[in-house]
Participant: 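The structure follows.
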Amino acid sequence: TEFPAWARGDMGYLPRPFTTVVSRLRERESQGELERLSLTDALTGLYNRRHLMGTLASEVQRSRRLRRTFTVLLADVDTFKQYNDTHGHLAGDAALVKIAEVFRRMTRSVDCVARYGGEEFVVMLLECPIATAALVAERIRARVADQDLGNGKLTVSIGLAEYPDGGDSPEELIATADAA
């Protein structure tokens with residue numbers, strides 16, 4: 001049996017106002033997809049560095065105004081270059097995807113998790129003092145160390161910085177976390 005034209009998606013038989021609405025909906029959907037792609041890292045699906053820096057700047061302003069604290073974690077995958085050289089870039093990419101998933105699962109939906117650079121990740125833990133953030137960081141570190149990557153194991157080193165003591169700007173907070 002053959003489906004009618006409207007069921008096949010052939011819009012030639014539909015009234016013009018309906019096709020206009022459908023076209024606009026498709027256009028909006030495409031714009032939403034473009035916006036999502038502009039905010040996220042293509043490999044891991046986490047937020048990208050550009051989005052992170054804008055979000056951090058907004059949070060610094062909000063926290064300054066409300067006199068609240070938040071903590072930034074900067075995680076670096078240890079010996080990643082060696083892992084990549086030994087197992088190949090596809091295995092390295094697969095490992096980064098699995099590690100990103102650990103970050104996603106171990107943080108709250110209100111937190112901002114981003115791929116900061118090649119094998120660096122940043123987490124902004126909202127309204128979270130550094131003592132609590134240290135517990136989160138340890139859970140992430142342990143979970144990554146236990147992760148089966150198929151080609152061995154990787155670990156992460158994580159530094160923390162609390163606003164405002166660790167810096168008064170996104171760049172200062174990240175530099176403090178990096179040094180830690």
Side-chain angles (χ1 to χ4, degrees), residues 24-81 92-93 95-147 154-180:
R24 286 187 183 157
L25 286 172
R26 287 182 178 162
E27 186 177 302
R28 235 185 241 159
E29 188 177 282
S30 294
Q31 287 172 343
E33 180 66 11
L34 283 174
E35 184 176 328
R36 187 190 66 75
L37 290 171
S38 74
L39 301 176
T40 57
D41 172 64
L43 177 66
T44 63
L46 297 177
Y47 287 119
N48 61 26
R49 184 178 185 150
R50 186 172 61 96
H51 177 74
L52 168 75
M53 296 309 282
T55 303
L56 268 174
S58 296
E59 187 56 30
V60 164
Q61 289 177 353
R62 188 183 81 83
S63 293
R64 182 180 298 131
R65 187 176 67 252
L66 299 176
R67 301 183 195 278
R68 297 277 173 94
T69 188
F70 70 95
T71 302
V72 172
L73 278 61
L74 182 120
D76 191 12
V77 180
D78 303 319
T79 66
F80 185 71
K81 182 183 178 336
D93 285 352
L96 289 175
V97 169
K98 287 185 178 183
I99 291 169
E101 188 56 33
V102 170
F103 278 94
R104 197 177 348 269
R105 284 195 318 258
M106 302 300 290
T107 54
R108 305 167 297 179
S109 62
V110 297
D111 300 324
C112 181
V113 183
R115 183 174 179 200
Y116 188 68
E119 72 273 6
E120 292 179 315
F121 299 89
V122 171
V123 180
M124 180 179 65
L125 297 169
L126 294 177
E127 297 192 18
C128 182
I130 200 162
T132 304
L135 297 173
V136 173
E138 175 53 28
R139 284 197 303 258
I140 290 170
R141 188 209 58 77
R143 183 69 56 96
V144 169
D146 288 342
Q147 190 75 14
L154 284 168
T155 57
V156 291
S157 298
I158 304 174
L160 292 83
E162 183 182 55
Y163 174 84
D165 296 340
D168 200 28
S169 72
E171 294 79 12
E172 289 175 7
L173 285 164
I174 290 174
T176 301
D178 194 19

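No experiment lies behind these values; they were computed from the predicted model shown. Scope of the values below: all heavy atoms of this structure, side chains included, with no hydrogens, waters or symmetry mates.
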Participant: Tabulate below the donor-acceptor pairs under 3.5 Å that side-chain atoms of residues 170-180 make, not counting sequence neighbours, or state none.
Facilitator:
| unit_1 | atom_1 | unit_2 | atom_2 | d |
| --- | --- | --- | --- | --- |
| Glu172 | OE1 | Asp168 | N | 2.7 |
| Thr176 | OG1 | Gly166 | O | 2.5 |
| Thr176 | OG1 | Glu172 | O | 2.9 |

Participant: Go through the structure and list residues passing side-chain contact (heavy atoms from CB on, under 4.5 Å) with Arg105, not counting sequence neighbours.
Facilitator: Glu101, Val102, Arg143, Gln147

Participant: Thr55: what forms a side chain to side chain donor-acceptor pair (under 3.5 Å) with it, not counting sequence neighbours?
Facilitator: His51

Participant: Could you list the residues that satisfy salt bridge (Lys or Arg N to Asp or Glu O under 4.0 Å) with Lys81, not counting sequence neighbours?
Facilitator: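 Checked Lys81 against salt bridge (Lys or Arg N to Asp or Glu O under 4.0 Å); matches are Asp85.
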
Participant: According to side-chain contact (heavy atoms from CB on, under 4.5 Å), who are the partners of Arg108, at least two apart in sequence or on a separate chain?
Facilitator: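 Arg108 satisfies side-chain contact (heavy atoms from CB on, under 4.5 Å) with Val110, Asp111, Leu125, Leu126, Cys128 only.
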
Participant: So do Tyr163 and Arg68 actually touch side chain to side chain, heavy atoms under 4.5 Å?
Facilitator: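 A side-chain contact under 4.5 Å is absent here.
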
Participant: What is the distance from atom CG of Asp41 to atom CG of Leu52, rounded to the nearest 0.5 Å?
Facilitator: 12.0 Å

Participant: Output all residues satisfying salt bridge (Lys or Arg N to Asp or Glu O under 4.0 Å) with Glu59, sequence neighbours left out; order by chain, then residue number.
Facilitator: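 For Glu59 the salt bridge (Lys or Arg N to Asp or Glu O under 4.0 Å) partners, ignoring immediate neighbours, are Arg62.
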
Participant: Using the test side-chain contact (heavy atoms from CB on, under 4.5 Å), find all partners of Leu154 that sit at least two apart in sequence or belong to another chain.
Facilitator: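 Applying side-chain contact (heavy atoms from CB on, under 4.5 Å) to Leu154 gives Val77, Thr79, Phe80, Tyr83, Ala95, Ile99, Leu149.
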
Participant: If you look only at pairs with a residue in residues 105-134, which of them pass as a ring-ring contact (aromatic ring centres under 6.0 Å, His included), with sequence neighbours excluded?
Facilitator: Phe103-Phe121

Participant: Asp76: what forms a salt bridge (Lys or Arg N to Asp or Glu O under 4.0 Å) with it, not counting sequence neighbours?
Facilitator: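 Salt bridge (Lys or Arg N to Asp or Glu O under 4.0 Å) list for Asp76, sorted by chain: empty.
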
Participant: Taking the side chain as C-beta and beyond, is there a heavy-atom pair between Val123 and Met106 under 4.5 Å?
Facilitator: no

Participant: Output all residues satisfying side chain to side chain donor-acceptor pair (under 3.5 Å) with Ser157, sequence neighbours left out; order by chain, then residue number.
Facilitator: Asp78

Participant: Show me the donor-acceptor pairs within less than 3.5 Å that the side chains of residues 131-139 make with the rest of the protein, sequence neighbours left out.
Facilitator:
| unit_1 | atom_1 | unit_2 | atom_2 | d |
| --- | --- | --- | --- | --- |
| Glu138 | OE1 | Arg141 | NE | 3.0 |
| Glu138 | OE2 | Arg141 | NE | 3.4 |
| Glu138 | OE2 | Arg141 | NH2 | 2.6 |

Participant: Who pairs with Arg49 by salt bridge (Lys or Arg N to Asp or Glu O under 4.0 Å), at least two apart in sequence or on another chain?
Facilitator: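 Not a single residue meets the salt bridge (Lys or Arg N to Asp or Glu O under 4.0 Å) criterion with Arg49.
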
